[in-house]
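Below: the structure, in structure tokens.
Below, chains carry the letters A, B, ... as their sequence lines are ordered, and counting in each starts from 1.
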Number of protein chains: 2
Amino acid sequence: MAKEKRDNGTEKAILDAARKVFTHRGFAGARMDEIAREAGINRALLHYYFRSKDKLFDLVFAQRAREFFLGLAGIIGGPGSLEDKIKAIVEHDIDMIRSQPDLPIFIMQELTQNPDRLVRMAVESGANPSMMMKAFRHAVKEAVDKKVVRPIDAGQLLINVMSLCVYPFIAKPMIKAVQELDDKQFEKMILKRKQEIVEFVMSSLKP
Amino acid sequence: MAKEKRDNGTEKAILDAARKVFTHRGFAGARMDEIAREAGINRALLHYYFRSKDKLFDLVFAQRAREFFLGLAGIIGGPGSLEDKIKAIVEHDIDMIRSQPDLPIFIMQELTQNPDRLVRMAVESGANPSMMMKAFRHAVKEAVDKKVVRPIDAGQLLINVMSLCVYPFIAKPMIKAVQELDDKQFEKMILKRKQEIVEFVMSSLKP
DNA sequence: ACGTGATTTAACCATTTAGTTAAACTAATA
DNA sequence: TATTAGTTTAACTAAATGGTTAAATCACGT
């Protein structure tokens, strides 16, 4: 650990720690102290690198939001058939969230608290929702025209797919309780779920 | 407002305010001051009625969790065919959340922060997840046996239905941004969504 | 061995926040 | 009118927290 720090890894160590703590506790619940401890340094140095909690949070949030969106945007807006896209979304979402289970709640919570942030970020990053949705709508239309899938609203379909992927992680404690699963069984359920979702969606889309 | 207070409505006013503030801000982000203001009283009186933030929060959380679960548990565990249940779940979920949009994030956030709480509450309330799930599995099995629906894992199906209902509210700011909707259009989308979900699920379940 | 930048230590400040208290006030009621 | 419960005011305490600072220490390359 000492080595990493000396090797100029401190900034990264802090960002990692901040990401972890902010993501887990949310902005209001996060303590600069905990971030410092988690990074293996002290508060003084923490403020030496990043002036304030707000500044640090903004960096973390922007980074996390990009993580969450950028890959997705590429898939949704990119080329490929509807079925390809659906499979890719599911694969991407589940893998991403599995490695960072409390990412979605974090994003959603802070976003409801301050929706403008998303707009600002979107503008900066040059993301283009309307092109993305256009590509997705096009894929849907194509599949419908080919009679591969029944007619369906593209917006609703996209929400459906995302819902099926993301929600289980958000509701994890609830699901564990209701279905009486331990962590191992939950993990197993999630893994099965990848195919389950694709099957569920494609089955629903049959004309 | 003055009247209500004198009419012994103060306690209720406080609980309403606390519900609102806690639900919106989360425990860490909530301020006793804001609760008092929201209730139209002052901090002194707030503490006079409810000793501490924690105590008040526990009450609110228990109440909100009951709101969220009890109705659902009745539907899932109660009588009726699978299709009836699915329709009832969708109806119930969407209506409930529509009137309290940030209820789900609140529950999930605080629950990930402290999963034991759910277990404790479940025990106290005498809820019985295993019976509930048993009833639901039974409904699924029955439908499968009658060849009304294709074979499917009951646990996954339940998660699917809940996902489709709850997630859109959690992701509201994101959905608004990506699909470029204003509040009015979002509301419209949610309303359409009731039938959309039922159609989506039932279509997927066709044998 | 020296100098430099990174890091720690430890003290400190200012602000926010939960929670308390005593005294004054209000309105209904006995 | 005197009592009483509910309420406000205003002051206060104690703790937590974000942020700062100066001096000491450490590790490294020259």
Would the A/Phe61 and A/Phe27 ring centres measure less than 6.0 Å apart? no
Could you state the OH-P distance from B/Tyr49 to D/dG6, rounded to the nearest angstrom? 6 Å
Round to the nearest Å and state the distance from A/Leu46 atom CG to D/dT17 atom P. 15 Å
With a 4.0 Å cut-off on heavy atoms, is B/Ala30 in touch with a base, just the backbone sugar-phosphate, or nothing at all? sugar-phosphate
If you only use heavy atoms from C-beta on, which nucleotide in D/dG18, C/dG19, D/dT7 is closest to the side chain of A/Met32? D/dG18
Among B/Glu196, B/Arg193, B/Glu199, which residue satisfies the side-chain hydrogen bond (donor to acceptor under 3.5 Å, both in side chains) criterion with A/Gln156? B/Arg193
Mind calculating the distance between CD1 (A/Ile41) and C1' (C/dT9) to the nearest angstrom? 14 Å
With the side chain defined as heavy atoms from C-beta on, B/Tyr48 is closest, among C/dT7, D/dC12, D/dT7, to D/dT7
B/Thr10 vs D/dG6: side-chain N/O to OP1/OP2 distance below 4.0 Å: no
Ignoring backbone atoms, establish whether B/Arg31 has a side-chain N or O less than 4.0 Å from OP1 or OP2 of C/dA18. yes
Check the distance between D/dT20's P and A/Lys53's NZ and give it to me in whole angstrom. 15 Å
Please check if the side chain of B/Lys85 supplies one atom and the backbone of B/Ile76 the other of a donor-acceptor pair under 3.5 Å. yes
Return yes if some donor-acceptor pair links the side-chain N/O of A/Ser204 with the main-chain N/O of A/Phe200 below 3.5 Å, else return no. no
Measure the distance from CZ on B/Arg37 to P on C/dT17 and round it to the nearest whole Å. 10 Å
When the ring centroid of B/Phe57 is compared with that of B/Phe22, is the distance short of 6.0 Å? yes
Proximal nucleotide (of D/dT7, C/dG19, D/dG19) relative to the A/Arg43 side chain: D/dG19
Would you kindly give the CG-to-C1' distance between A/Leu45 and D/dT20, to the nearest whole Å? 14 Å
Between D/dT8, C/dT7, C/dA18, spot the one nearest the side chain of B/Asn42, thanks. D/dT8
Residue whose nearest DNA chain D nucleotide is more 5′ - A/Ala44 or B/Ala44: B/Ala44
Check the distance between D/dT17's P and A/Glu34's CD and give it to me in whole angstrom. 10 Å
Report yes if at least one side-chain N or O of B/His47 is closer than 4.0 Å to OP1 or OP2 of C/dG19; otherwise report no. yes
What is the distance, to the nearest angstrom, from the CG atom on A/Asp33 to the P atom on C/dT16? 20 Å
